[in-house]
Amino acid sequence: MLEVRQLSHTFQNGTEQTPVLKEINFRVDKGEMISLLGSSGSGKSTLLNLMAGLMKPTEGSILISGQPIEKMNENQLAEFRRTHIGFIFQSYELIPHFTVRENVELPLVFHGVKPSVRKEKSMKLLSQVGLADKTELFPSQLSGGQQQRVSIARSLITEPAIVFADEPTGNLDSKTEQEIIDLLIDLNANSGITFVIVTHEQEVAMQTGRIIHLKDGELTEDTRGRAITGPAIPAVSGNEAFMNEEQGT
Ligand SMILES: Nc1ncnc2c1ncn2[C@@H]1O[C@H](COP(=O)(O)OP(=O)(O)OP(=O)(O)O)[C@@H](O)[C@H]1O
Ligand SMILES: [Mg+2]
């Protein structure tokens, strides 16, 4: 599903070079849920942004569904991201003057999906993340945890193969954090979607199936967490996968 090969990255600002990642190698199978764990400055966000195609590595390769994304041009990458990748931000990144439902539907607007289909999909996902009664509110009318649920629903609406999340619970209190982690674990178990989650908290990382440890830009350990995740259930097409409670548990 995801393969990182000999990945190195150095930031260049003028003449100053900042090496951040050094020869990272690992593979993630379809349906796995993994954490990238490391202290501040260890290179977690840089690695995640590279894997999500938000920037290009200075060396090495990133394959998603067998395709080396670093070789794609801007347009190819934009299209690939739209159809294969979901992203969840620490600060939600919702559009304030759009309703909850409009925020979730936005990626489908770019896909040219017609309004009735968009609405059906967004309502299904919003009910799945526990926000069936909030769909017509604006983001400012929701709590932080609820806003993150909106952002999670938005990340899933294009039925991506893989979802990346950068400190998805970084702005939340510990109770809400646990609710969001539980939701992500549930979505992973029931959908077969691969999740890669950046965190600096051991307790969060331990709850995923696998932990990739980063230290000073190097992969130091690859250990197991508590969750039972792994190679996915046989593919279920469309949004049925999200809704089928019997799958994968
Ligand atoms: N655009 C940039 N130019 C130069 N250096 C950068 C740039 N972005 C990040 N860095 C450096 O790369 C290193 C890793 O940063 P990164 O954001 O990946 O760390 P992180 O593990 O996500 O940290 P945090 O937990 O604080 O979010 C840091 O030393 C940072 O200063
Ligand atoms: Mg970071």
Side-chain angles (χ1 to χ4, degrees), residues 2-28 32-64 69-70 72 74 77-78 81 85-94 144-145 147-149 151-152 154-155 160 162-174 176-178 180-181 183-185 188 194-223 225:
L2 168 69
E3 189 169 351
V4 172
R5 287 189 192 152
Q6 287 296 102
L7 188 73
S8 295
H9 193 73
T10 298
F11 285 106
Q12 181 128 26
N13 293 307
T15 55
E16 198 187 341
Q17 302 222 340
T18 315
V20 173
L21 295 174
K22 287 156 220 145
E23 298 182 10
I24 307 276
N25 291 285
F26 64 96
R27 295 175 57 142
V28 179
E32 270 195 285
M33 181 174 197
I34 75 155
S35 304
L36 295 179
L37 177 67
S39 53
S40 183
S42 56
K44 305 180 296 294
S45 294
T46 305
L47 179 55
L48 199 76
N49 292 340
L50 288 167
M51 293 190 296
L54 296 171
M55 54 189 207
K56 299 232 176 187
T58 41
E59 271 173 75
S61 187
I62 298 143
L63 294 106
I64 296 181
I69 62 168
E70 80 285 352
M72 296 178 185
E74 294 263 309
L77 192 56
R81 285 174 43 77
I85 295 176
F87 204 95
I88 301 166
F89 301 89
Q90 176 174 346
S91 49
Y92 329 129
E93 308 290 335
L94 302 175
Q147 291 184 53
Q148 192 57 300
R149 288 170 187 269
S151 143
I152 291 168
R154 180 186 55 189
S155 79
I162 186 162
V163 173
F164 297 101
D166 196 352
E167 306 264 10
T169 58
N171 289 358
L172 303 173
D173 62 78
S174 57
T176 312
E177 166 169 82
Q178 191 54 51
I180 293 291
I181 297 299
L183 173 64
L184 293 173
I185 289 172
N188 169 256
T194 310
F195 281 84
V196 179
I197 296 170
V198 159
T199 181
H200 60 269
E201 291 179 73
Q202 176 94 32
E203 310 89 89
V204 169
M206 275 308 294
Q207 298 187 58
T208 64
R210 181 177 162 201
I211 310 168
I212 303 262
H213 303 251
L214 277 187
K215 196 176 175 206
D216 299 330
E218 292 186 56
L219 194 166
T220 52
E221 273 187 284
D222 188 341
T223 60

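Both counts, for ligands and for their atoms, begin at 1 and track the order of listing. Atom set for the values below is all heavy atoms of this structure, side chains included, hydrogens, waters and symmetry mates excluded.
- Atom 27 (O) of ligand 1 has its closest protein heavy atom at Ser45 OG, 4.0 Å.
- Smallest separation of non-hydrogen atoms from Lys215 and Thr220: CB-CG2, 3.6 Å.
- Between Glu59 and Leu7 there is no side-chain heavy-atom pair separated by less than 4.5 Å.
- In this structure, the protein non-hydrogen atom closest to atom 24 (P) of ligand 1 is Ser40 OG, 3.6 Å.
- In summary, an N, O or S atom of Ser45 is located under 2.8 Å from the Mg ion (ligand 2).
- For the pair Leu48/Phe87, a side-chain contact is recorded, criterion being any heavy-atom separation below 4.5 Å from C-beta on.
- Annotation: side chain of Ile181 is not in contact with side chain of Thr208 (no heavy-atom distance under 4.5 Å).
- Side-chain N/O atoms of Glu167 and Thr169 include no donor and acceptor closer than 3.5 Å.
- Looking only at heavy atoms of the protein, atom 23 (O) of ligand 1 is closest to Gly41 N, 2.8 Å.
- Among the atoms of Thr46, some N or O lies under 3.5 angstrom from an N or O of ligand 1.
- In the vicinity of Asn13, heavy-atom distances shorter than 4.0 Å reach the ligand 1 atoms 3 (N), 4 (C).
- With a 4.0 Å heavy-atom cut-off, ligand 1 is reached by no atom of His200.
- Atom CG of residue Asp216 and atom OG of residue Ser39 lie 7.0 Å apart, to the nearest 0.5 angstrom.
- Closer than 4.0 Å to atom 21 (O) of ligand 1 lies at least one heavy atom of the protein.
- Assignment of Ser39 to the shell around ligand 1 is supported, since a heavy atom sits closer than 4.0 Å.
- Using a 4.5 Å heavy-atom cutoff, the side chains of Val163 and Thr194 are not in contact.
- Residue Phe11 has no N or O atom closer than 3.5 Å to an N or O atom of ligand 1.
- Between Val20 and ligand 1, no pair of N/O atoms sits closer than 3.5 Å.
- Atom 25 (O) of ligand 1 has as its closest protein heavy atom Lys44 NZ, 2.8 Å.
- For the residue pair His200 / Ser40, no side-chain donor-acceptor distance below 3.5 Å is found, with atom types taken as modelled.
- Using the six-membered ring where Trp is involved, His9 and Phe11 have ring planes that are perpendicular, over 60° apart on the 30 and 60° scheme.
- For atom 30 (C) of ligand 1, no protein heavy-atom neighbour is present inside the 4.0 Å cut-off.
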